[in-house]
Q: 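Structure provided below as C-alpha coordinates; questions to follow.
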Amino acid sequence: MSKLGVNIDHVATIRQARMTFEPDPVKAVHLCEIAGADSIVSHLREDRRHINDRDVKLIKEIINIRLNLEMSIAPEIVDIALKLVPDQVSLVPEKREEVTTEGGLDVVLKRNELKEIIRRFKDKGIVVNLFIDPEISQIDASLEVGSDAIELHTGSYANAADQSAVEDEFKKIVTATDYAKKHGLIVHAGHGLTYFNVKKIAGIKEIEELNIGHTIISRAVFVGLERAVKDMINLIKT
Ligand code: PXP
(Lines give C-alpha, C1' and ligand atoms only; values in the text may rest on other atoms or scores of the structure.)
Protein backbone atom coordinates (compact mmCIF):
# COMPACT_ATOMS: atom_id res chain seq x y z
CA MET A 1 0.00 0.00 0.00
CA SER A 2 1.40 3.34 -1.02
CA LYS A 3 1.87 6.06 1.53
CA LEU A 4 0.50 9.51 0.79
CA GLY A 5 2.56 12.69 0.78
CA VAL A 6 0.33 15.74 0.50
CA ASN A 7 1.77 18.69 -1.39
CA ILE A 8 0.36 21.82 0.24
CA ASP A 9 1.88 24.40 -2.14
CA HIS A 10 -1.45 25.42 -3.56
CA VAL A 11 -2.80 26.47 -0.18
CA ALA A 12 -0.07 29.08 -0.38
CA THR A 13 -0.97 29.81 -4.01
CA ILE A 14 -4.40 30.99 -2.84
CA ARG A 15 -2.82 33.13 -0.13
CA GLN A 16 -0.39 34.69 -2.59
CA ALA A 17 -3.23 35.57 -4.98
CA ARG A 18 -3.98 38.37 -2.50
CA MET A 19 -0.56 38.63 -0.80
CA THR A 20 -2.32 38.20 2.53
CA PHE A 21 -2.10 35.84 5.53
CA GLU A 22 -4.80 33.32 4.60
CA PRO A 23 -5.15 30.48 3.96
CA ASP A 24 -2.06 29.53 5.93
CA PRO A 25 -0.23 26.42 4.62
CA VAL A 26 1.12 25.85 8.13
CA LYS A 27 -2.43 25.16 9.34
CA ALA A 28 -2.91 22.78 6.41
CA VAL A 29 -0.15 20.58 7.82
CA HIS A 30 -2.16 19.95 10.97
CA LEU A 31 -5.31 18.98 9.05
CA CYS A 32 -3.35 16.64 6.73
CA GLU A 33 -1.93 14.93 9.80
CA ILE A 34 -5.36 14.49 11.36
CA ALA A 35 -6.64 13.02 8.08
CA GLY A 36 -3.84 10.42 8.04
CA ALA A 37 -1.29 11.75 5.55
CA ASP A 38 2.14 10.14 5.85
CA SER A 39 4.18 13.18 4.87
CA ILE A 40 3.94 16.80 3.80
CA VAL A 41 5.56 18.05 0.62
CA SER A 42 6.27 21.69 -0.03
CA HIS A 43 8.31 23.29 -2.75
CA LEU A 44 10.36 26.33 -1.81
CA ARG A 45 10.78 27.82 -5.26
CA GLU A 46 13.48 30.35 -6.02
CA ASP A 47 10.79 32.88 -6.98
CA ARG A 48 8.79 32.11 -3.78
CA ARG A 49 5.61 32.10 -5.86
CA HIS A 50 3.72 30.12 -3.21
CA ILE A 51 5.61 28.63 -0.25
CA ASN A 52 8.05 31.06 1.38
CA ASP A 53 10.89 30.90 3.91
CA ARG A 54 8.59 31.64 6.86
CA ASP A 55 6.32 28.74 5.85
CA VAL A 56 9.03 26.09 5.69
CA LYS A 57 10.54 27.27 8.97
CA LEU A 58 7.20 27.10 10.81
CA ILE A 59 6.18 23.82 9.15
CA LYS A 60 9.42 22.23 10.29
CA GLU A 61 8.73 23.40 13.86
CA ILE A 62 5.17 22.12 14.13
CA ILE A 63 5.12 19.01 11.91
CA ASN A 64 4.59 15.57 13.45
CA ILE A 65 4.92 13.54 10.24
CA ARG A 66 7.75 13.57 7.69
CA LEU A 67 8.63 16.81 5.90
CA ASN A 68 9.65 16.37 2.27
CA LEU A 69 11.14 19.61 0.95
CA GLU A 70 10.86 19.81 -2.82
CA MET A 71 13.57 22.03 -4.25
CA SER A 72 15.87 22.91 -7.08
CA ILE A 73 19.64 22.60 -6.73
CA ALA A 74 20.16 26.38 -6.74
CA PRO A 75 22.91 27.12 -4.16
CA GLU A 76 20.68 29.51 -2.13
CA ILE A 77 17.98 26.85 -1.76
CA VAL A 78 20.49 24.08 -0.99
CA ASP A 79 21.89 26.23 1.85
CA ILE A 80 18.39 26.83 3.25
CA ALA A 81 17.61 23.10 3.10
CA LEU A 82 20.86 22.18 4.85
CA LYS A 83 19.97 24.57 7.69
CA LEU A 84 16.32 23.46 7.84
CA VAL A 85 17.12 19.73 7.87
CA PRO A 86 13.83 18.30 6.55
CA ASP A 87 13.39 14.51 6.69
CA GLN A 88 13.74 14.32 2.92
CA VAL A 89 14.64 16.54 -0.01
CA SER A 90 13.16 15.95 -3.43
CA LEU A 91 15.36 17.49 -6.08
CA VAL A 92 13.54 18.80 -9.14
CA PRO A 93 14.38 20.97 -12.14
CA GLU A 94 12.96 24.48 -11.90
CA LYS A 95 12.25 27.11 -14.50
CA ARG A 96 10.79 30.48 -13.61
CA GLU A 97 8.46 30.58 -16.59
CA GLU A 98 6.86 27.17 -15.95
CA VAL A 99 3.40 26.80 -14.39
CA THR A 100 4.52 23.66 -12.57
CA THR A 101 7.52 21.31 -12.68
CA GLU A 102 7.60 20.19 -16.30
CA GLY A 103 10.02 17.30 -16.70
CA GLY A 104 12.19 15.15 -14.49
CA LEU A 105 15.64 16.16 -13.34
CA ASP A 106 18.33 15.33 -15.90
CA VAL A 107 20.53 13.33 -13.54
CA VAL A 108 22.67 12.07 -16.44
CA LEU A 109 23.61 15.62 -17.39
CA LYS A 110 24.00 16.95 -13.85
CA ARG A 111 25.66 13.92 -12.27
CA ASN A 112 28.83 15.69 -11.08
CA GLU A 113 26.98 18.60 -9.51
CA LEU A 114 24.47 16.22 -7.92
CA LYS A 115 27.08 13.91 -6.38
CA GLU A 116 28.46 16.73 -4.24
CA ILE A 117 25.04 18.11 -3.24
CA ILE A 118 23.72 14.64 -2.35
CA ARG A 119 26.77 13.96 -0.22
CA ARG A 120 26.12 17.15 1.78
CA PHE A 121 22.49 16.15 2.40
CA LYS A 122 23.37 12.59 3.35
CA ASP A 123 26.01 13.84 5.81
CA LYS A 124 23.13 15.59 7.61
CA GLY A 125 20.98 12.43 7.62
CA ILE A 126 18.53 13.83 5.07
CA VAL A 127 16.96 11.28 2.70
CA VAL A 128 17.55 12.26 -0.94
CA ASN A 129 14.88 11.68 -3.57
CA LEU A 130 15.43 12.56 -7.26
CA PHE A 131 12.40 13.43 -9.39
CA ILE A 132 13.06 11.74 -12.73
CA ASP A 133 11.32 10.61 -15.87
CA PRO A 134 10.77 6.82 -15.95
CA GLU A 135 13.92 6.09 -17.98
CA ILE A 136 16.58 3.46 -17.24
CA SER A 137 19.44 5.90 -18.00
CA GLN A 138 18.13 8.31 -15.35
CA ILE A 139 17.78 5.48 -12.82
CA ASP A 140 21.34 4.32 -13.50
CA ALA A 141 22.58 7.88 -13.03
CA SER A 142 20.54 8.19 -9.80
CA LEU A 143 22.31 5.10 -8.47
CA GLU A 144 25.67 6.46 -9.54
CA VAL A 145 25.19 9.79 -7.73
CA GLY A 146 24.22 8.01 -4.50
CA SER A 147 20.55 8.90 -4.19
CA ASP A 148 18.43 7.00 -1.66
CA ALA A 149 15.23 7.26 -3.65
CA ILE A 150 13.66 8.31 -6.91
CA GLU A 151 10.27 9.79 -7.63
CA LEU A 152 8.95 8.74 -11.00
CA HIS A 153 7.32 11.56 -12.93
CA THR A 154 3.74 10.48 -13.66
CA GLY A 155 2.90 13.58 -15.75
CA SER A 156 3.02 11.78 -19.11
CA TYR A 157 0.77 9.05 -17.72
CA ALA A 158 -1.65 11.65 -16.33
CA ASN A 159 -1.75 13.67 -19.55
CA ALA A 160 -1.85 10.76 -22.00
CA ALA A 161 -4.25 11.50 -24.84
CA ASP A 162 -6.02 8.14 -25.09
CA GLN A 163 -6.25 4.73 -23.44
CA SER A 164 -3.47 3.22 -25.51
CA ALA A 165 -1.12 6.07 -24.54
CA VAL A 166 -2.16 5.62 -20.88
CA GLU A 167 -1.16 1.93 -21.10
CA ASP A 168 2.18 2.80 -22.75
CA GLU A 169 3.02 5.36 -20.08
CA PHE A 170 1.87 3.01 -17.34
CA LYS A 171 4.17 0.27 -18.65
CA LYS A 172 7.12 2.68 -18.57
CA ILE A 173 6.40 3.39 -14.90
CA VAL A 174 6.09 -0.31 -14.05
CA THR A 175 9.35 -1.15 -15.85
CA ALA A 176 11.20 1.75 -14.21
CA THR A 177 9.84 0.80 -10.78
CA ASP A 178 10.95 -2.82 -11.13
CA TYR A 179 14.41 -1.84 -12.33
CA ALA A 180 14.96 0.78 -9.61
CA LYS A 181 13.69 -1.50 -6.85
CA LYS A 182 15.89 -4.36 -8.05
CA HIS A 183 18.89 -2.05 -7.79
CA GLY A 184 18.06 -0.98 -4.25
CA LEU A 185 16.36 2.39 -4.71
CA ILE A 186 13.24 3.45 -2.82
CA VAL A 187 10.58 4.32 -5.41
CA HIS A 188 8.05 7.12 -5.17
CA ALA A 189 5.80 8.61 -7.84
CA GLY A 190 3.85 11.77 -8.46
CA HIS A 191 2.76 14.71 -10.56
CA GLY A 192 -0.60 15.13 -12.25
CA LEU A 193 -2.22 12.32 -10.26
CA THR A 194 -5.92 12.87 -9.54
CA TYR A 195 -8.81 11.08 -7.83
CA PHE A 196 -9.64 9.74 -11.29
CA ASN A 197 -6.28 8.37 -12.47
CA VAL A 198 -4.47 7.46 -9.25
CA LYS A 199 -5.75 3.93 -8.67
CA LYS A 200 -3.74 2.30 -11.43
CA ILE A 201 -0.50 3.82 -10.16
CA ALA A 202 -1.41 3.05 -6.53
CA GLY A 203 -1.74 -0.58 -7.63
CA ILE A 204 2.02 -0.80 -8.29
CA LYS A 205 2.99 -2.41 -5.02
CA GLU A 206 6.68 -1.45 -5.12
CA ILE A 207 5.91 2.28 -5.11
CA GLU A 208 6.28 3.34 -1.49
CA GLU A 209 4.78 6.81 -1.59
CA LEU A 210 2.67 8.95 -3.89
CA ASN A 211 3.10 12.71 -3.73
CA ILE A 212 -0.10 14.50 -4.66
CA GLY A 213 -1.05 18.15 -4.47
CA HIS A 214 -3.25 20.01 -6.91
CA THR A 215 -6.17 17.59 -7.02
CA ILE A 216 -6.36 17.37 -3.22
CA ILE A 217 -6.30 21.14 -2.67
CA SER A 218 -8.87 21.55 -5.48
CA ARG A 219 -11.27 19.14 -3.78
CA ALA A 220 -10.54 20.72 -0.41
CA VAL A 221 -12.00 24.02 -1.66
CA PHE A 222 -15.40 22.29 -1.77
CA VAL A 223 -15.30 19.59 0.90
CA GLY A 224 -12.55 20.69 3.27
CA LEU A 225 -8.95 19.53 3.48
CA GLU A 226 -9.44 16.74 5.99
CA ARG A 227 -12.13 15.08 3.87
CA ALA A 228 -10.14 15.59 0.65
CA VAL A 229 -7.06 13.90 2.13
CA LYS A 230 -9.16 11.04 3.55
CA ASP A 231 -10.83 10.53 0.16
CA MET A 232 -7.40 10.15 -1.46
CA ILE A 233 -6.18 7.78 1.25
CA ASN A 234 -9.28 5.64 0.74
CA LEU A 235 -8.50 5.41 -2.97
CA ILE A 236 -4.82 4.57 -2.70
CA LYS A 237 -4.96 2.27 0.29
CA THR A 238 -7.82 0.01 -0.76
N1 PXP B 1 5.98 15.54 -7.14
C2 PXP B 1 6.75 16.54 -7.64
C3 PXP B 1 8.21 16.32 -7.74
C4 PXP B 1 6.19 17.77 -8.05
O5 PXP B 1 6.95 18.72 -8.58
C6 PXP B 1 4.81 17.96 -7.85
C7 PXP B 1 4.21 19.29 -8.19
O8 PXP B 1 4.65 20.24 -7.29
C9 PXP B 1 4.05 16.90 -7.33
C10 PXP B 1 4.65 15.70 -7.01
C11 PXP B 1 2.58 17.03 -7.11
O12 PXP B 1 1.98 17.23 -8.34
P13 PXP B 1 0.44 17.59 -8.43
O14 PXP B 1 0.27 18.94 -7.78
O15 PXP B 1 0.16 17.59 -9.90
O16 PXP B 1 -0.28 16.52 -7.66
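Index from 1, following the sequence. All ligand and atom numbering here is 1-based and tracks the order in the structure.
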Q: As an exercise, identify every atom of ligand 1 less than 4.0 angstrom from a heavy atom of V92.
A: 3 (C)
Q: Would you please classify the geometry between the F170 ring and the Y157 ring as parallel, tilted or perpendicular, with 30° and 60° separating the classes?
A: tilted
Q: Considering only heavy atoms from C-beta outward, does the side chain of L91 approach that of L130 to under 4.5 Å?
A: yes
Q: Have a look at I233 and tell me which of D231, L235, V229 forms a side-chain contact (heavy atoms from CB on, under 4.5 Å) with it.
A: V229
Q: Can you tell me which residue and heavy atom of the protein come closest to atom 11 (C) of ligand 1, and the distance to 0.1 Å?
A: N211 O, 3.8 Å
Q: Would you call the rings of H10 and H50 parallel, tilted or perpendicular, where under 30° means parallel and over 60° means perpendicular?
A: perpendicular
Q: So, do K110 and I73 sit near enough that their side-chain heavy atoms are less than 4.5 Å apart?
A: yes
Q: Among protein heavy atoms, which lies nearest atom 16 (O) of ligand 1, and at what distance?
A: G213 N, 2.8 Å
Q: For atom 14 (O) of ligand 1, find the nearest protein heavy atom and state the residue, atom name and distance (0.1 Å precision).
A: H214 N, 2.9 Å
Q: Checking a contact table here: which protein heavy atom is nearest atom 1 (N) of ligand 1, and how many Å away?
A: E151 OE2, 2.5 Å
Q: Check ligand 1 against N7 and write out every atom of the ligand that is under 4.0 Å from a heavy-atom position of the residue.
A: 8 (O)
Q: Among all protein non-hydrogen atoms, which one is nearest to atom 5 (O) of ligand 1, and what is the separation to 0.1 Å?
A: E70 OE2, 2.5 Å
Q: Of the options N211, N68, N129, which is the one that meets H188 in a side chain to side chain donor-acceptor pair (under 3.5 Å)?
A: N129
Q: Report yes if some heavy atom in the side chain of L225 is under 4.5 Å from a heavy atom in the side chain of C32; otherwise report no.
A: yes
Q: Determine, considering heavy atoms only, which of M71, H153, H191, H188 sits nearest to atom 9 (C) of ligand 1.
A: H191
Q: Counting non-hydrogen protein atoms only, what is the nearest one to atom 15 (O) of ligand 1? Give residue, atom name and distance.
A: G192 N, 2.8 Å
